[in-house]
Every structure is written in C-alpha cells, then in structure tokens.
Engineer: 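Below you will find the structure I want to go over with you.
Order of the sequence lines fixes the chain letters, A, B, ..., with proteins taken first and strands second; residue numbering starts at 1 for each chain.
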Amino acid sequence: MEKRLQELSNIQIDEQQKQQSYAQINRRLQRQSWKIPMIIISFCAIFMLLVVTTPELQQAQNETQISKIVVAQGEANVVSAWQFGVRQIVDEQQLLDFAAIYERLHKVEDLELLQMPSFTIKIIFSDKTSKRYKIYPYDGRESSIFYEIDTSTYFQTAESTFGDVYDTLDSRIENNLVLLWFVPLGCFMYIQLRINRKMRVIGEKDRKLPRHSTYWQSVSAIITGILVFSLIGNNLHFGWIVLILLLNLVICLFLESRYGKNQWRYVAFVMDSVYVLFFFFLYFYIIY
Amino acid sequence: MDRIYNEHYALIFKYILYLTADKELTHDLLQETFYRFYKNTRQVQQEKALLVKIARNLVYDYFRKKRLLSFIPYQKDTRIDDKPLPEEIVERGEEIVALYKALQQIKLSYRETIVLRYIEEFSVKEVATALNCSEIQVKNNTARGLKALRALLEGGESGGKTATRTFQHSD
C-alpha cells in the first residue's frame with residue numbers, strides 16, 4: 001500500500017502554468033491594498049451620516065401645527081427618538097391634547113426652580129422647526145412651568161394642567177405588534193446558529209472550536225458591552241451604537257487576520273455584530 | 001523565478017490536488033497560497049511547513065464554503081466520479097486509479113496525513129508541525145487512513161460502499 005501511494009507522487013508539473021501563476025502572483029503583490037483606505041472612508045462616511053442626520057435646532061418663526069414631540073423623562077439632551085430613554089409622540093389625539101395646553105402658555109418672570117424637571121421635550125412643528133423645553137410641576141402641581149432651553153424663557157400653563165401634561169407625555173399607545181418583534185429576531189438567531197454550526201464542524205461532530213482565536217478578541221467584546229451599557233443611561237444615540245459595534249468588529253477582524261485566519265470566524269464576527277445591531281434597531285423601531 | 005516558489009511548487013500542487021481532486025481549483029488555491037505567503041511573510045525558517053499550513057487553511061475554507069452553500073437548493077454537487085482524473089494517474093493503470101479514487105473517499109484528516117507522509121514523504125515530525133498536531137495523532141491518523149484505504153480497495157464495490165460510509169469525510 002505504502003509503495004503504491006508513493007507512485008502517486010509522480011505528477012507532471014505544467015511549466016507554462018507554473019510561470020503564469022508566478023507572473024500573476026507578482027502582479028497581485030504589486031497592487032495597492034484598498035482595505036485600510038476603505039475602512040477610513042467607511043468611518044468618515046458614518047461620521048458624516050451622523051452629522052447630517054442629526055436634526056438641526058431651528059427656531060420656529062411662526063408657530064404652526066405640532067407634528068411630533070420627542071420626550072424623555074427627567075433632564076436629558078433630547079435630539080431624536082433614536083436615543084435610549086427617548087420616545088416620540090406622533091399619535092394625533094395626543095398631539096391635539098398637548099397643543100391645547102401649549103397654546104395657552106403665557107410668559108412669566110424668571111423663576112428659581114429647585115426641583116428636577118419632570119420631562120425634557122422637543123416639539124417639532126410641521127415646518128420642520130423645533131423648540132426644546134424642560135417641564136416642571138409648579139404651585140403644588142396645580143400648573144406646569146415650561147422652560148424654553150434655547151431662549152432661557154419661562155412659561156406657565158393655565159391652572160390645573162400639570163396632570164393633563166403628565167398624562168399626555170407619559171401615556172403610550174398599546175401596540176400588540178411588539179410580540180412580532182421576536183419573530184425576525186428568533187429567525188435571525190436560528191440562521192446565525194445554523195450557519196455557525198455548519199461552518200465550524202468539519203467531519204468531527206464533537207470537535208469544539210474556541211469562539212475567539214485570541215483572548216484580545218474577548219477583551220474587545222467585553223469592553224464593547226461595558227461601553228454600550230454604561231452609556232445607555234446618557235441617552236446614547238443609535239448611531240453611536242453602530243459606531244462602537246463597527247469598531248469592535250474591525251478590531252476582531254484585524255485580530256483574526258493576525259492570529260486565527262479562520263474564514264468561519266470572520267463570518268461569525270460579522271453575523272454577531274449584525275445580530276446585535278438588529279436587536280437594537282428593533283428595540284428603537286418597535287418597542288420604544 | 002523565486003527560490004521558494006521553485007522548490008515548493010510541486011509539493012503544494014500535489015498536496016492540494018490530492019485533497020481536492022480538482023485541477024482547476026488546485027491552480028487557484030496554489031496561487032492564493034503563494035500570494036498569502038509572500039504578502040504576509042517577512043522572515044521564515046520553516047517555509048515548507050508554513051506553505052502547507054496556508055494551503056491547508058485554504059482547502060478547509062473551501063470545504064466549509066461548500067458546506068455552507070449546500071443550503072442552497074439546486075447546487076451542483078460534483079463528486080469524485082464526475083471529476084476528470086489527472087492523465088498521469090490514468091496512464092498508470094486501474095490499480096492506481098482505484099487508489100486515487102479511494103484516497104478521495106477517506107476522511108479529510110486521514111487523507112492529508114497520508115498525502116504528506118507517503119506522497120510528499122514528510123517525516124512524522126514534519127507532518128505534526130505542518131498540521132499543528134501531536135506526533136501520536138499523526139501516527140494514529142496514518143494507521144486509520146491506511147486501514148480505511150485497504151477497506152475501500154479490498155472491499156470492491158460492496159465493501160467499498162460500506163467503507164465509504166464509515167470513513168468518508170462529509171465535504
């Protein structure tokens with residue numbers, strides 16, 4: 001058997017093919033790498049996207065119809081609904097209720113308010129202009145004080161309105177579609193697990209391969225998790241989550257290219273990042 | 001032409017060819033192996049082992065991709081019987097052809113050990129270095145691979161089928 005196997009050793013080499021391959025390898029080696037410029041361009045593009053999509057604060061010249069209210073509990077930097085702890089009110093009835101209170105605001109002298117605001121809101125009008133307010137309970141919760149952040153002006157509502165303001169800004173529309181959130185998430189998770197299993201196991205079914213090829217990948221993943229969850233309290237924008245996850249992905253792919261060089265692990269990192277992004281996207285899009 | 005390329009071209013060519021049984025694919029993977037070697041390697045002492053490692057990773061990646069794509073229906077499944085045999089194998093008679101075909105049917109880890117040990121004539125230590133495993137594992141895989149080959153060759157059609165089921169790597 002061993003002798004017969006050695007006979008397989010005599011395979012003719014095509015010299016022409018050999019020369020061609022060598023020439024092609026040399027051509028490929030002389031080509032400039034596009035990966036680093038592409039990563040830099042991607043980062044720049046995401047930054048630009050964040051800057052462009054962050055709504056500019058414009059002063060309303062003429063008060064027109066309220067089209068949307070973005071609201072957060074307590075004191076917060078409210079920019080858009082794609083922030084943790086911030087939600088938007090677009091329900092017509094809720095907007096009308098709020099508009100009725102808002103129209104009856106009257107300017108008052110500067111006040112010294114010691115307590116924390118109950119809400120921070122951003123009112124977006126139909127002409128795309130916006131105003132930001134902090135809302136305080138006042139006079140034993142009988143009325144509300146609206147403090148306009150950009151002009152540092154105080155306004156007071158008519159009497160006995162704080163309860164109405166509170167109800168309007170705090171109530172949520174019952175949405176049974178929330179349950180459907182689990183369907184795409186579950187499907188995605190199933191596909192992810194199946195692909196991982198298919199790619200990882202070759203022949204040996206019980207062979208367990210480590211998830212990371214170097215412990216630095218684990219460190220990167222842990223730091224990313226800590227970073228995201230520690231910033232959630234500060235009304236973290238979805239764009240920053242994308243950026244942090246992308247950074248983690250680039251680090252993990254770079255480490256993989258230096259240590260493991262396993263194709264399945266590259267795919268697994270990308271799949272994991274997409275899965276976490278998908279989770280947060282659905283959180284903002286459906287839940288909140 | 002570069003010394004490393006000249007010295008190891010035949011070795012890498014045979015290694016990939018006997019693992020994949022596909023001449024076209026062998027040329028592609030071989031080119032990629034040397035490309036990666038030249039691109040990422042500054043100074044190296046065991047160039048032979050490193051080249052085998054790169055080629056091995058590429059072959060494994062190829063089989064993984066193939067497994068992944070098997071999700072897609074109507075994917076063309078090219079088996080060893082459908083692939084054209086190398087001319088020099090055909091010329092050496094039925095016995096060698098049978099051995100070549102049997103080699104393609106055994107488990108990938110056995111196949112690569114057999115190829116390196118008997119076709120490339122590596123020592124046990126060299127195989128262990130190239131495949132990043134222990135010498136005992138190399139010896140075990142060699143013995144099991146030879147046993148699987150014997151079962152396939154001696155079993156003929158009926159025995160061959162049983163041996164294939166037992167030893168075939170699911171790539």
Engineer: Look only at the side chain of B/Gln104 and the backbone of B/Lys101, and say whether a donor-acceptor pair between them is shorter than 3.5 Å.
Structural biologist: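 Judged by distance alone, no pair lies under 3.5 Å.
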Engineer: Assign the ring pair A/Tyr22 / B/Tyr5 to parallel, tilted or perpendicular, where the plane angle (0 to 90°) is split at 30° and 60°.
Structural biologist: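 Tilted, since the angle between the ring planes falls between 30° and 60°.
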Engineer: Using a distance-only test with no angle check, is there a side-chain donor-acceptor pair under 3.5 angstrom linking B/Asn141 and B/Ser109?
Structural biologist: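 On atom types as modelled, these side chains do not qualify, holding no pair under 3.5 Å.
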Engineer: Does any heavy atom of chain A fall under 4.5 Å from the side chain of B/Arg117, the backbone, both, or neither of them?
Structural biologist: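 For B/Arg117, there is no contact with chain A at all, as no heavy atom is under 4.5 Å.
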Engineer: Sort B/Tyr35 into side chain, backbone, both or neither according to what part of it lies under 4.5 angstrom from a heavy atom of chain A.
Structural biologist: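 Both backbone and side chain.
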Engineer: What part of B/Glu32 gets within 4.5 angstrom of chain A, counting heavy atoms only: side chain, backbone, both, or neither?
Structural biologist: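 Both the backbone and the side chain of B/Glu32 come within 4.5 Å of chain A.
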Engineer: Tell me, for B/Tyr118 versus chain A, whether the close heavy atoms (under 4.5 Å) come from the side chain, the backbone, both or neither.
Structural biologist: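 Contact with chain A is through both the backbone and side chain of B/Tyr118.
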Engineer: Using modelled atom types and a 3.5 Å cut-off, is there a donor and acceptor pairing between side-chain atoms of A/His212 and backbone atoms of A/Thr214?
Structural biologist: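 No; zero donor-acceptor contacts below 3.5 Å.
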Engineer: So which of B/Tyr9, B/Phe13, B/Phe34 has the largest heavy-atom pair count under 4.5 angstrom toward chain A?
Structural biologist: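 The candidate making the most pairs under 4.5 Å is B/Tyr9.
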Engineer: Taking A/Gln19 for its side chain and A/Glu15 for its backbone only, find out whether a donor-acceptor pair lies under 3.5 Å.
Structural biologist: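 Pair absent, no side-chain N/O of A/Gln19 close to backbone of A/Glu15.
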